[in-house]
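To start, the structure under review is shown below, and the notes come after it.
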Amino acid sequence: MPVLMSDAGTCGVRPMASQHNTMRVVGGTDAQPGSWPWIVSIQVPWRRGTGHICGGTLISPQWVLTAAHCFINATYVEMWRIVVGASSLLQMGPEVQVRNIKRLVTHEHYNNRSQRNDIALLELDQPVQCSYYIQLACVPDGSLRVSELSPCYISGWGAMEEGSKIRPAILQEALVHLIDNHICNSSQWYAGAVRNTNLCAGYQQGGIDTCQGDSGGPLVCKDRTADYYWLVGVTSWGTGCGRAHQPGIYTSTQHYRDWILVHMGLRPAGQTSAPPVSASGPFQKPRPIPADASRPGSCPFPRNKLVDFFALLQELLQVIKESEV
């Protein structure tokens, strides 16, 4: 069952995470470099400070998924920056890659009052290269049971408390729980404003949440059977930041997968996904396996990294060979 990902390998992996004890997004903590290798910072160069306005998620070497509301009244979008592979936005190292926007595609039925269809795609002017710090996120199809995934995380460079104009330079991360939409739509919560194309995530008591500047960023959840993550949501809206009974609301990527594929040119308009495999079958869980390894536009690992790896592997094999003599 194909998913959006690197044709050169897999998606949703975190090569640097084994070096970190991963668990301000409100109530969050500083993320270690490379912890969330698919997140990007969308920046307007002429704004003060870092210029960061929204987050986004790398889903192919040349495409970023984000929120449509980030581009209300946007001008000169082709001059905006997309910063990939960064943790600190003030001290960006050699692992960071910067691109410009070649094309902006917002959902044709986006409504900026109701935030319905709050999703957008950015085509980059040049593809990025994957590395330990840059990886692609997995976009699930309709067969994935998102409600069963755990744990889930949010990340971003947004405000660390409601009403604050201060933005952290270092990426923030936090653990959140998926909350059933029926609960989020109850009278003391969002009173019916959450749609079936949304996900609700956070805590009943509040305290941990996305905030201004986190818009467009990823909500990811770990697969229960393997060590990779699914991009299940795009940060969309919420009442305040970290309030009780007012958790963050996310655009469900699962519901927009066909729209994503069509606008990336990977599927003809009008063609929809194949029906999910039967739950009783052997392939109940979708796996992030390349759909077509021969496709152009892969996200290759930098050649020098591969050369270094194989050189070390050769040395190791030589040591093992000598020890057996």
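- Heavy-atom contacts from other residues, nucleotides or ligands closer than 6.0 Å to CG of Asn112 number more than 12.
- Side chain of Arg116 to backbone of Arg113: no donor-acceptor contact under 3.5 angstrom is found.
- Although no hydrogens or angles enter the test, the distance criterion places a donor-acceptor pair under 3.5 Å between the side chain of Gln135 and the main chain of Ser131.
- Applying the side chain to side chain donor-acceptor pair (under 3.5 Å) test to residues at least two apart or on different chains, the pairs with a partner in residues 176-187 are Asp180-His182.
- For Trp157 (side chain) and Ser87 (main-chain N/O), a donor-acceptor pair under 3.5 Å exists by modelled atom type.
- Sequence neighbours left out, the pairs with a member in residues 233-246 that pass salt bridge (Lys or Arg N to Asp or Glu O under 4.0 Å) are Glu162-Arg243.
- Not counting sequence neighbours, Trp237 has no partner by the side chain to side chain donor-acceptor pair (under 3.5 Å) test.
- Looking only at atom types and distance, the side chain of His255 has no donor-acceptor partner in the side chain of Thr197 under 3.5 Å away.
- Closest non-hydrogen pair, Thr57 versus Ala137, comes out as CG2-CB, 3.5 Å.
- Side-chain atoms of His52 come within 3.5 Å of backbone atoms of Gly213 as a donor-acceptor pair (strictly under, hydrogens ignored).
- Side-chain contact check for Ile59 versus Leu121: some heavy-atom pair is nearer than 4.5 Å.
- With Gln97 contributing its side chain and Gln129 its backbone, the two residues share a donor-acceptor pair below 3.5 Å.
- By the rule that hydrophobic residues join a cluster once side-chain heavy atoms approach within less than 4.5 Å of another member, Ile134 and Val98 end up as members of separate clusters.
- Residues Ile179 and Gln204 are not in side-chain contact: their nearest non-hydrogen atoms beyond the backbone lie 4.5 Å or more apart.
- Leu149 and Ile208 fall within a single hydrophobic cluster, where Ile, Leu, Val, Met, Phe, Trp and Tyr are joined by side-chain heavy atoms under 4.5 Å apart, directly or via other members.
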Practice item. Could you go through the side-chain contact (heavy atoms from CB on, under 4.5 Å) check for Arg14 and Tyr229 one step at a time? Key: CA-CA 8 Å; Arg14 304 168 61 202; Tyr229 288 75; 3.1 Å; yes
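- Atoms OG and OH, on Ser35 and Tyr153 in that order, are 10.0 Å from each other to the nearest 0.5 Å.
- The ring-ring contact (aromatic ring centres under 6.0 Å, His included) search around Trp189 returns His245, not counting sequence neighbours.
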Review point. Should Leu124 and Leu58 be marked as a side-chain contact (heavy atoms from CB on, under 4.5 Å) after you check the CA-CA gap, both sets of side-chain angles, and the distance that decides it?
Key: CA-CA 10 Å; Leu124 307 182; Leu58 194 70; 4.3 Å; yes
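- No path of Ile, Leu, Val, Met, Phe, Trp and Tyr side chains, each step under 4.5 Å between heavy atoms, connects Val96 with Ile53, placing them in separate hydrophobic clusters.
- Using a 4.5 Å cut-off on side-chain heavy atoms (C-beta onward), Val40 and Leu122 make no contact.
- Hydrophobic clustering, with ILVMFWY side chains joined whenever heavy atoms are under 4.5 angstrom apart, keeps Ile249 apart from Leu178.
- Of the possible polar contacts, one joining the Asp118 side chain to the Ala68 backbone as a donor-acceptor pair under 3.5 Å is found.
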**Study point:** Trace of the side-chain contact (heavy atoms from CB on, under 4.5 Å) decision for Trp230 with Thr253
**Key:** CA-CA 10 Å; Trp230 293 99; Thr253 59; over 6 Å; no
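- Checked by atom type and distance alone, the side chain of Arg224 pairs as donor or acceptor with a backbone atom of Glu148 at under 3.5 Å.
- Within the model, atoms CZ of Arg195 and OH of Tyr190 stand 13.5 Å from one another, a figure rounded to the nearest 0.5 Å.
- Here Tyr133 pairs with nothing under the ring-ring contact (aromatic ring centres under 6.0 Å, His included) rule; sequence neighbours left out.
- With Asp30 contributing its side chain and Leu171 its backbone, the two residues share no donor-acceptor pair below 3.5 Å.
- A continuous path of Ile, Leu, Val, Met, Phe, Trp and Tyr side chains, each step under 4.5 Å between heavy atoms, connects Leu261 with Val105, placing both in one hydrophobic cluster.
- Listed by chain and residue number, nothing satisfies the ring-ring contact (aromatic ring centres under 6.0 Å, His included) test with Tyr110 (two or more places apart in sequence, or in another chain).
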Practice item. Show your working on side-chain contact (heavy atoms from CB on, under 4.5 Å) between Val77 and Arg103 and close with a plain yes or no. Key: CA-CA 8 Å; Val77 172; Arg103 181 161 59 109; over 6 Å; no
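- Side chains of Asn117 and His109: no donor on one and acceptor on the other come within 3.5 Å.
- Side-chain N or O atoms of Asp214 include one that pairs as donor or acceptor with a backbone N or O of Gly158 at under 3.5 Å.
- His263 and Trp259 have tilted rings, their planes meeting at an angle from 30° to 60° on a 0 to 90° scale.
- Between His107 and Tyr256, the ring-plane angle classifies as perpendicular under the 30° and 60° cut-offs.
- Here the closest non-hydrogen pair linking Arg81 and Pro45 is NH1-CB, 3.6 Å.
- The backbone N or O of Leu144 lies less than 3.5 Å from a partner atom in the side chain of Gln254, making a donor-acceptor pair.
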